[in-house]
Every structure is written in C-alpha cells, then in structure tokens.
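Input: a single structure, listed below in structure tokens.
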Protein chains: 2
Amino acid sequence: MKKDKFTIHDIARELNITASTVSRALNDNPRISAETKQSVLQMAKRLNYQPNNIAAALRNGKSRILGVIVPRIDRSFFSSAVRGIEEIANTAGYNVMICQTHENFEKEVTTVEALLNAQVDGIIASYSKGTSNFEHFEKIKEKGIPLVLFDRTSDDLGVSQVAIDDFLGAYYATAHLIAQGYRRIAHYTNIRKISIFKERLKGYREALTEHGLPFDESLVQESNLQFEDGRQCMQKLMALPEPPDAVFSASALSAMGAIQMVKQMGKRVPEDIGIVGFSDESFASLSDPQLTTVDQHSIHLGNKAAEIFLQELSKGSKDFPRKVVLKPDLIIRQSSLRKGKP
Amino acid sequence: MKKDKFTIHDIARELNITASTVSRALNDNPRISAETKQSVLQMAKRLNYQPNNIAAALRNGKSRILGVIVPRIDRSFFSSAVRGIEEIANTAGYNVMICQTHENFEKEVTTVEALLNAQVDGIIASYSKGTSNFEHFEKIKEKGIPLVLFDRTSDDLGVSQVAIDDFLGAYYATAHLIAQGYRRIAHYTNIRKISIFKERLKGYREALTEHGLPFDESLVQESNLQFEDGRQCMQKLMALPEPPDAVFSASALSAMGAIQMVKQMGKRVPEDIGIVGFSDESFASLSDPQLTTVDQHSIHLGNKAAEIFLQELSKGSKDFPRKVVLKPDLIIRQSSLRKGKP
DNA sequence: CATATTTGTGTAATCGATTGCGCAAATTAC
DNA sequence: GTAATTTGCGCAATCGATTACACAAATATG
C-alpha cells in the first residue's frame, strides 16, 4: 500500500536538486549534464514516478488529447474510421476522446463544448444527419483548434476534409450492373440534401446516361436506408408497371433488406435481380448471396484524417484547409454477378 | 476574430471583484449573494467564458474523464457496450476516453499507463485474449482509481466486474436445440482457459447431461471462432462417422460460417442441421436463414459497468468490489427452428 | 591574463480554477 | 444594547510541471 504519487519535487528532494532541474532532465534538455540526467532517470524509476499530464497540459496549453465526434460508434464504418484515427494519433502520442451524437444536433453542440472544455488539441468530426447549422464548428475554428471533417463534410466551413469519392463509387457500382447486363436499375437514396447521397445519386445517373440508359425518377426510392426500408422499397419497386432488374443502394443495410424481399417474393439474386450496396459492412460477405458493395476504406479514411490533424498542428494554417478525396473500390460478390466474373 | 479565451480573472476584473468570488459564484456556493451570482453569470455569458477543465482537474485531482479499454472497437459487441458506458457517463458529466488493445498484451499495458497519465478518474476494461498477467491492473488499484472489468473478467484481481451469465446463455441455447428435437449437438469453442468460453462449454455440457444426452469430446471444436473457422469446423464435423445434427457456437461469426458450409454441402438449415450462435451481432438477423443467438445485452452491460464506476467513486470502497452477472436472452430465429415456434 | 562564452543549475513566475482562513458588515439572540 | 452568528467576499496558497531569467563556475578566446 505504498504511496504511489510522486512528483518531480519528490525526485528533486531525494537528489538535493530543484524541480526545474528534474523537469529539464526528464525532458532531455541539453543544458543538463549527463550525470544529472542519469540520476534523475534512475530516481524516477525507483520512485515509480508517473508524470501528471494535466499539470503539463495546463502549463503549456496542450492536452495531447484529440477529440473525435461521430454519429454513432456501433456502425462498422465509423468504428473502423475511429480505429484508423487512433492508429495514427496514438503513435504520435495523442490520446483519443470519442463522443457520439446519435445523429442528434443538440447532442452534437454540447459535445463540441465538452471537448473544448476538456482542452482538446484538435477535433475530427463527422456530423449528424440533422446538422444544418455550423456555428458550433465555427467556434472551434475561432479558438484556433484544428478541425477536420470526414465522410460527411462541407465546403462552406473552410476546414480540412477527408471523404471518399461518392460520385465515383456510385458510378462504379452502376456501371458494373450495366456491364452485367442489367438494364433497368433502381436506386435507393436518403434525403438528398446530404452531400454524400447527392453525389451517389449523381454518380448513378451519370453511369446510366453514359451508357445510353434512361434516368427514370420512379426508380429512385428515398428512405432512411435501414434494413426494413430496403424491404419496403423493394416491394414498391416490384409493384411498378415496369419493375427494375437491379438495385444500387446507397447503403449496405437497405441492400440486405432488398435481397431478403426479393427472395421472399420468390425471385433470385442475382439471376432475376442484381443488387449492389454502399459501404462494406461486415455482414456483406456473410449474406446469401454475398453482397457486392462499394468499399469506403474506412480505416484508411481515419488514418488520413488523423494525419491532416497532425499536419495542421505542426505547420500552422499554411497549406490549409486541405481536401482529400479517396477513391473507393467496388468489391464484387455474388449479388451482382449474373454473367460470372467480369 | 475576437479573443475567445477569458478566464475567471477577466470576469473578476470587469466586475471589480476577485476571482475567488467568481469561482464561487459559478459553482453556486451558498456564501455568495444572489445579485453577485447574477452579475457573474451575465458577464460570463457576455464574454463567452469557457471554463478550463484542465485547471480545475489539476487543482482538485479529478479530470472527469473515464477511461475505457476494449480489445477492438469495430466489433458490435464492444462498440455497443461502449455506447452503453457513454450513455451513463455523459449524463453524469464524464467524458469517455476510449482505447483499443487489438488483443495485444503490450498495447494493453501501455494503454493503462497512458490513461493513468491522463489522470482519468476511473477505468472500465475488457482485457485482451493474450492477457494473463494482471500487474498493470494492480497499478490502477494501487492508485485508488476505480477499475471495473466487463465481459472478460477475473475474480483474482479483487475488482468489480460486470458480465453476463455465459453458463446460462449456453444452457439456454443447448436446451433449446434439444427441445427442437436435435440430439447430436456439437459445440464451437475457443481456447478453454478464457473463462467466458469455459463457462459456455460448461453450460452446453450441463444441458446435455440434464436431458440425458451423452457428452462427446469429438463434437467439441476448438478454434479462433472466426468466419472461416466456422466453415472448417463444420467440414470436420460432417466428416465424422456420426456427424452432428446441430451446432451451438460460442461466437456468432463462426456460426455464420457453419451455416454457409452446411448450405454449400447441399444440406439445409434448420431442417438437417440446427445452428445457434453467441452474441447478437447485427448480421444475425440478416442471414439466410436468420441466426438464433444468445443476446448479451451489450448496451445494458455497458450501462451497468458505468453505474458501478460512479458508485465506487461516490461511496468509497464500501460494498466493493461488486460482481454483477446479467442474464442473457436467447433470441430464437429460423436457424434452429425445426418444429416451429416453441 | 583578462574578457567572452558556455555549461549547469537555481529562482520564481506562470497556467486557471479552487478553497481554507480571515475579517468586516449585517443580522439575530438574549 | 451587547454578544453571538451569519453573510459576503477577499487574500493567498495550492495542484504539478514548465520556462524566462539570473548567476556562478568552468572553459574558451585573443
């Protein structure tokens, strides 16, 4: 039951030197002699000295904490992105503080405040679906704290962003379906004001046009993109006078719903209906048939966001804000393979 | 571009009072008059004052940060548990700092140190598969900081624990299979020294015995319980002279692998082979057939862990350590329903 | 050999909020 | 009407580490 809270003053007393010398020795200051450093280090080890980061943080205004804001952590895309952020941040000596907004705007505002009060050195965020007002993010900028947005980004804010090319991902997906011989391709989307869904819709449309296929508004289904939405939209689509022969969904979950409904209606995937989803969730390769998806490389996305944060910290605001757009990849599985491997 | 860093001293100067009065006013100290509080609050709002938590943390030794250690965040079970922890912690005014060990013992040790240096007020952890030495956890105890283990727990350490009743979950699952008429039930397990897997094995065995079925060691398959493991174990099992007619897997992922392999071998689930998994991952209800699983109520588990942390903080170490064992529930889906609803 | 530099360490202020102690004024008690 | 309390606030120390400045001793320069 030894007292386990020694400070640099305790070390100093033991060695008959001052705390400043100890501090310098621990920080490897060149003005301290080698012997002194030696003995300080030894004593620190002997006393099992643990530095108090809080004190250092107060003194030099750096907490070495990076705040991360995500809508929710229990979605594979976000947890992987967070993991990517952590990988980079940890090796650079930063701890990560993660907060969830649950897609709730008010929670997002209070979260930003909480992180600022905690004196984080920077914030990486993906905002809520309900967020339209960016004042809370402005506040971060005003404080001179680096802010990096990822996935759900905005050009209006004038901060660095990391996202994948949603347009391209959608284009790949749609073009792949066309190449597989599907001709009447539907699209699942969310409220269109969110840029990622807008981009996906554009990519879908572009692929159609480029291959001489008509764009038919009745084939675009707007919903929350959850599993049940995927089922219901499929039902509506199949009730059309001219039902589709494929679906490109802007989410993986609703694509799964679509598959289930197709099977339930006695049709086959991919023979009768081809299906492609967006975001490579873990379940994509577990379904029957396995789901073709657009891989967003979420870990890499997180890495990139953390790297930009570190760069902004060191270089000041020169060269910033930056905008990084990663290329997605189409992971082709059975759900869209009518002709066999392309 | 206004300066946005005001302290209580700035407020004090504006009002011609001292910082101590401001501090007391902000903390609603009864010795401060109502008018003074009023004017302090107004001035604080006018200057857009943001308290510096770091300074307060240094002074009173409380950071209001709760450290959480999990093997990895991109697993539904852990991310949900974390979400449960956050729910409780946030409403109690705590921020949560999440760290991952990637099932790596060394990373776990350094993570504990990082959290201690960050002066967290408590730690909630689920340790790595490779962890056998608990010295780093002892250190937390020595510092007098509350430590709560969840899911992967240990009685040896003398700290509070929250877990689900793995034995009971396994018992439910196995008994359910028996009730559905399956008679030769296999079991997927991991290395047996980890208590959760030991318990699941015991529950499985108990259910067999209680229903007069023999325990057959050749039906117990040990692996890492990943998807591919589930496939391979199934293959081995089907090659036995007397193959099983059901599998109770200690993980959901390997149960999915089992389903896939059964289907690939031209047999049907649940008609020929019944399958039950452990841990209600998101994909369980998305598979075909949908997977019967043991629900660990991970969010609730997280809630409970956070509650115990808060209690330990307030009540001192009286009544502690505590051990909370939650009851799991069997979520019955198609993969085990041979006879229809039980 | 005198001056200039470098080396090694100490002194004391600082970061911002909190709090024990003290003290005068206002209020209550008897 | 005097003594005892209460009310309201200021003073100054404190949490632990960092760092500008100072200063003596050692070494270098010319």
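Everything quoted here is computed from the prediction, not taken from an experiment.
From the 5' end on, the contacts that DNA chain D makes with chain B at under 4.0 Å to a non-hydrogen atom open and close at dT7(D) to dG16(D).
Under the 3.5 Å distance criterion, with hydrogens and angles disregarded, a donor-acceptor pair is assigned to the side chains of Q161(A) and T153(A).
Put simply, CD1 on I54(B) is 16 Å from C1' on dT18(C), counting in whole angstrom units. Between R59(A) atom CZ and dA13(C) atom C1' the separation is 8 Å, expressed in whole Å. When the P atom of dT9(C) is taken as reference, atom CD1 of I8(A) falls 15 Å away, rounded to whole Å. Here dG10(C) presents its P atom at 14 Å from CZ of R13(A), a figure rounded to the nearest Å.
No salt bridge links E312(B) with R322(B); every basic N to acidic carboxylate O contact stays at or beyond 4.0 Å. The existence of a salt bridge linking D28(A) and K37(A) is confirmed by a sub-4.0 Å separation between a basic side-chain nitrogen and an acidic carboxylate oxygen. With respect to the salt-bridge test (charged N to carboxylate O, under 4.0 angstrom), the residues K304(A) and E307(A) qualify.
Scanning for salt bridge (charged side-chain N to carboxylate O under 4.0 Å, His left out) contacts around R83(B) gives D74(A), with sequence neighbours left out. E14(A) meets the salt bridge (charged side-chain N to carboxylate O under 4.0 Å, His left out) test with no other residue; sequence neighbours excluded. Qualifying side-chain contact (heavy atoms from CB on, under 4.5 Å) partners for T111(B), counting only residues two or more places apart in sequence or in other chains: I69(B), C99(B), K107(B), L115(B).
Although no hydrogens or angles enter the test, the distance criterion places no donor-acceptor pair under 3.5 Å between the side chain of N95(A) and the main chain of I65(A).
Heavy-atom distances to DNA chain C give each of T21(B) and L58(B) a nearest nucleotide, and the one nearer the 5′ end belongs to L58(B).
Residues from residues 23-39 of chain B placing a heavy atom under 4.0 Å of any atom in DNA chain C, listed by number, are S23(B), R24(B), N27(B).
Within 6.0 Å of atom NZ in K129(A), more than 12 heavy atoms from other residues, nucleotides or ligands are found, so the atom counts as buried in its surroundings.
Taking the ring centroids of Y127(B) and F105(B), they lie at or beyond the 6.0 Å cut-off.
In this structure, the helix from dC1(C)-dG30(D) to dC30(C)-dG1(D) shows an angle of 30° between the axis at its start and the axis at its end, each fitted on 5 base pairs and rounded to 10°.
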